Amino acid sequence: MSNYHIKHLEEYYQVYRKSVRNPEAFWEEIAEEHFVWRKRWDTVLSWDFKKPEIKWFEGAKLNITENCLDRHLPTRGEKTAIIFEPNNPEEEALHITYRQLHERVCRMANVLLDHGVKKGDRVCIYLPMIPELSVALLACARIGAIHSVVFAGFSSHALSTRINDSDCKIVLTSDGSFRGNKAIDLKGIVDKALEACPGVANVLVVNRTGSDIHMEPTRDKWLQPLLDEAYADCVAEIMDAEDPLFILYTSGSTGTPKGMVHTTAGYMVYTAYTFKNVFQYTENDVYWCTADIGWITGHSYIVYGPLANGATTLMFEGVPSYPDFGRFWEVVEKHKVNQFYTAPTAIRALAKENLEYVEKYDLSSLKVLGSVGEPINEEAWHWYNNNVGKKNSPIVDTWWQTETGGIMITPIPYVTPTTPTYATLPFIGIQPALMDENAKEVKGNQVEGRLCVKFPWPSIARTIWGNHDRYRDTYFSAYENMYFTGDGALRDAVGYYRITGRVDDVIIVSGHNLGTAPIEDAINEHPAVAESAIVGFPHDVKGNALYGYVILKETGESRDRDNLRKEINQQITEHVGPIAKLDKIQFVNGLPKTRSGKIMRRILRKIASNDTSNLGDTSTLLNPEIVQEIMDNSL
Ligand code: 7RM
């Protein structure tokens, strides 16, 4: 039996029990056997959820890039670390070996050092999905600088807020980015942002699109000539286990974005260990996660987790719809992808299109399919399973958060039997708890409640940058001695977890707690429906009533709207119960979504409640134009 690579269900249960009975001994063994350390830890874990303070592997010294790069050179130097698939399929893909990646990271690290970046300094990275982005993260880690990646789809306002919050003195960006048939002027966005960021002394610019941009004298420099001149080796800064590795902002339900701080050793150990097991990665596999590195999914499961395992990780610059809706599957065929990890929103978008886009390609290399970011509805699950996996690749519905650093509740493929819409079982070392309204733990099976975690795991975020009080209030004050996730979940008869959505998505109708996800699932089962979102609005008798926003498939467009409304409610009655029937159904052309694909229910709730005078912060919306359209046609 190997505790590092779980291959059977009995093994899962055995290792799980071990990991919760004696977490310190368990994680110590994993840390010892699978990573390189400059100095061993003194204490495996010390924690106090009241303060809160959590420390893993205290006293240990290491550099995460030695684990992701240097240690692979003797055995995997010529192995491909990163496959870069450009936006334009005509442009050649790049295969970067571990040796080449090591060299590129060292050069960039030296350029940062030359610009005065020191251990502990924050570096803002605002780059598209090109190799320099991965190299930039690792270059920061090489010299002990803290990276703060801002997704390159964010506006200049969002960018300047984040730069200022963590006081970054330097920004890495590119002239522009390619997305489908568009070229986006990234440098222009940076220039605008920096009008509000007097602390930024340098901007290093990657040449990607070759577009004509403004370069601010003394402040802005092209990166490539500096890299060419830089020395190709760079001594790794020796870091403490608990030194910050990065800051990543996540939007809160209110207020400014929260800069979640992740530290070095625990994050490395947990992301590597989850990557190995959740994707059942074996040595010559090609792994592809379609997320952007601007999100936690990209940090943990494009860069650190895969590279710590010496894996081949694919970076895709483009979008699923360019040059057509077959692009994902074309890339899977072209690079013989073995593990494919994407979001339900992408699956639903592709499921709307002609099946020929999938059927055209040879997907037989696929062994594992992953899902992350929101509950995957039953219809999307089946579409993914039937048409992409050909019922032959287990789907891992992975539940986790920016704050958790790594995957928390998930099947292990070929080990855990899967059930659509269930994230199934806690990963090794994770101790979930469901809490009721009286802040009491709900034990046993066939129960539901608010999802918490009782015990620290190595990659839990340690604080919110510059605001430890907010960290405590947000995650550790709702329930004593628990990390509160903000999500609701149910545990079924066999102990499987199903995430029902953010707790603030729970709608109480006539005293019944209704999660949005099961109702949306029911609606989406209707053959004419592509996607839907429901929210509550105030109702005299029921307290709240339900308002549904429904996007029709092309085939549904010609149908009589009132008949459709009846059928949708019939569908809900059958799947959830008559209590969940919608009072109002508005057919829409799109839903307001954040750039990471999450429906912004807050806005839909305001529209449904006729309370549109102040919609709040919409700066993180991908498609702000849809809001007006929905408002104009609201019922
Ligand atoms: C990885 C990521 C976190 C929130 C989380 C949930 C939702 C994520 C799933 C999911 C149901 C899943 N980080 N969420 N994964 N809900 N099933 N498999 O997405 O910080 O951006 O979002 O996303 O509500 O709290 S995140």
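Predicted model, so just to flag it, every value in this text is computed and none were measured.
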Enquirer: Verify the ring-centre separation between Tyr341 and Trp288: is it less than 6.0 angstrom?
Expert: no

Enquirer: Is the Lys NZ or Arg CZ of Arg179 less than 6.0 Å from the centre of Tyr322's six-membered ring, within 45° of the axis?
Expert: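 Here Arg179 fails the 6.0 Å and 45° test against Tyr322.
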
Enquirer: Examine Tyr475 together with Phe484 and report whether their ring centres are nearer than 6.0 Å.
Expert: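 Between Tyr475 and Phe484, the centre distance exceeds or equals 6.0 Å.
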
Enquirer: Between Glu374 and Arg348, does any NZ, NE, NH1 or NH2 come within less than 4.0 Å of an OD or OE carboxylate oxygen?
Expert: yes

Enquirer: Any chance you could lay out the side-chain hydrogen bond (donor to acceptor under 3.5 Å, both in side chains) test for Thr342 and Thr290, step after step, and finish with the verdict?
Expert: CA-CA 5 Å; Thr342 195; Thr290 70; 2.8 Å; yes

Enquirer: Do Lys187 and Asp212 sit within salt-bridge range, that is, some charged N less than 4.0 Å from a carboxylate O?
Expert: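 Looking at Asp212 together with Lys187, the answer is no, because their closest N to O distance does not fall below 4.0 Å.
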
Enquirer: Does Asp632 have any side chain to side chain donor-acceptor pair (under 3.5 Å) partners at least two apart in sequence or in another chain, and if so, which?
Expert: Gln628

Enquirer: Would His299 and His262 count as a close aromatic pair, with their ring centres under 6.0 Å?
Expert: no

Enquirer: Please list all pairs meeting salt bridge (charged side-chain N to carboxylate O under 4.0 Å, His left out) that have one or both residues in residues 80-90, counting only residues at least two apart or in different chains.
Expert: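 Residue pairs passing salt bridge (charged side-chain N to carboxylate O under 4.0 Å, His left out), neighbours aside: Glu85-Arg327, Glu85-Lys334.
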
Enquirer: Do Arg472 and Asp469 meet the salt-bridge criterion of a basic N to acidic O distance under 4.0 Å?
Expert: yes

Enquirer: Is it the case that more than 12 heavy atoms not belonging to Asp228 sit under 6.0 Å from its CG atom?
Expert: yes

Enquirer: For the pair Lys118 and Asp121, find out whether any cationic side-chain nitrogen is under 4.0 Å from an anionic carboxylate oxygen.
Expert: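 Here Lys118 pairs with Asp121 in a salt bridge, since their nearest N and O are under 4.0 Å apart.
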
Enquirer: Kindly state each residue pair satisfying salt bridge (charged side-chain N to carboxylate O under 4.0 Å, His left out) with at least one member in residues 126-155, sequence neighbours excluded.
Expert: Asp70-Arg142, Arg104-Glu132

Enquirer: Could Glu229 and Lys221 be called an ion pair, given the rule that one side-chain N must be under 4.0 Å from one carboxylate O?
Expert: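 Between Lys221 and Glu229 there is no salt bridge, as every charged N stays at least 4.0 Å from the carboxylate O atoms.
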
Enquirer: Give me each pair satisfying ring-ring contact (aromatic ring centres under 6.0 Å, His included) with a member in residues 87-131, each pair once, sequence neighbours excluded.
Expert: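 Every ring-ring contact (aromatic ring centres under 6.0 Å, His included) pair that includes a residue of residues 87-131, provided the two are not neighbours, is His72-Tyr98, His95-His335.
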
Enquirer: Once side chain to side chain contact (heavy atoms under 4.5 Å, CB included) is applied, do any residues pair with Thr263, and if so which ones, sequence neighbours excluded?
Expert: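 Thr263 satisfies side chain to side chain contact (heavy atoms under 4.5 Å, CB included) with Glu242, Arg462 only.
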
Enquirer: Between the side chains of Glu629 and Asn589, is a donor N or O closer than 3.5 angstrom to an acceptor N or O?
Expert: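 Checked: Glu629/Asn589 side chains pair up, N/O donor to acceptor below 3.5 Å.
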
Enquirer: Would you indicate whether Glu625, at its atom CD, is surrounded by more than 12 heavy atoms from other residues, nucleotides or ligands within a distance under 6.0 Å?
Expert: yes

Enquirer: Minimum heavy-atom separation for Val205 and Asp175, please, with both atom names.
Expert: CG1-N, 3.5 Å

Enquirer: Do Tyr267 and Phe246 have ring centroids that are under 6.0 Å from one another?
Expert: yes

Enquirer: Quick one: ring-ring contact (aromatic ring centres under 6.0 Å, His included) pairs with a partner in residues 170-228, sequence neighbours left out?
Expert: none

Enquirer: Are Glu103 and Arg99 ion-paired here, with the side-chain N under 4.0 Å from a carboxylate O?
Expert: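 Looking at Arg99 together with Glu103, the answer is no, because their closest N to O distance does not fall below 4.0 Å.
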
Enquirer: Scan side-chain atoms only and decide if Asn67 and Tyr304 contain a donor-acceptor pair under the 3.5 Å cut-off.
Expert: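 Not at all, the side chains of Asn67 and Tyr304 share no donor-acceptor pair under 3.5 Å.
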
Enquirer: Under 6.0 Å from the NZ atom of Lys119, do we count more than 12 heavy atoms belonging to anything else shown?
Expert: yes

Enquirer: Is it true that Tyr249 and Thr402 share a donor-acceptor pair across their side chains at a distance under 3.5 Å?
Expert: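 Side chains of Thr402 and Tyr249: no pair found under 3.5 Å.
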
Enquirer: Do Tyr471 and Lys51 pair up side chain to side chain, a donor and an acceptor below 3.5 Å, judged on atom types alone?
Expert: no

Enquirer: Below 6.0 angstrom between ring centroids: does that apply to Tyr301 and Trp295?
Expert: no

Enquirer: Apply side-chain hydrogen bond (donor to acceptor under 3.5 Å, both in side chains) to Thr345 and Lys593, showing your working.
Expert: CA-CA 10 Å; Thr345 180; Lys593 287 202 179 160; 3.0 Å; yes

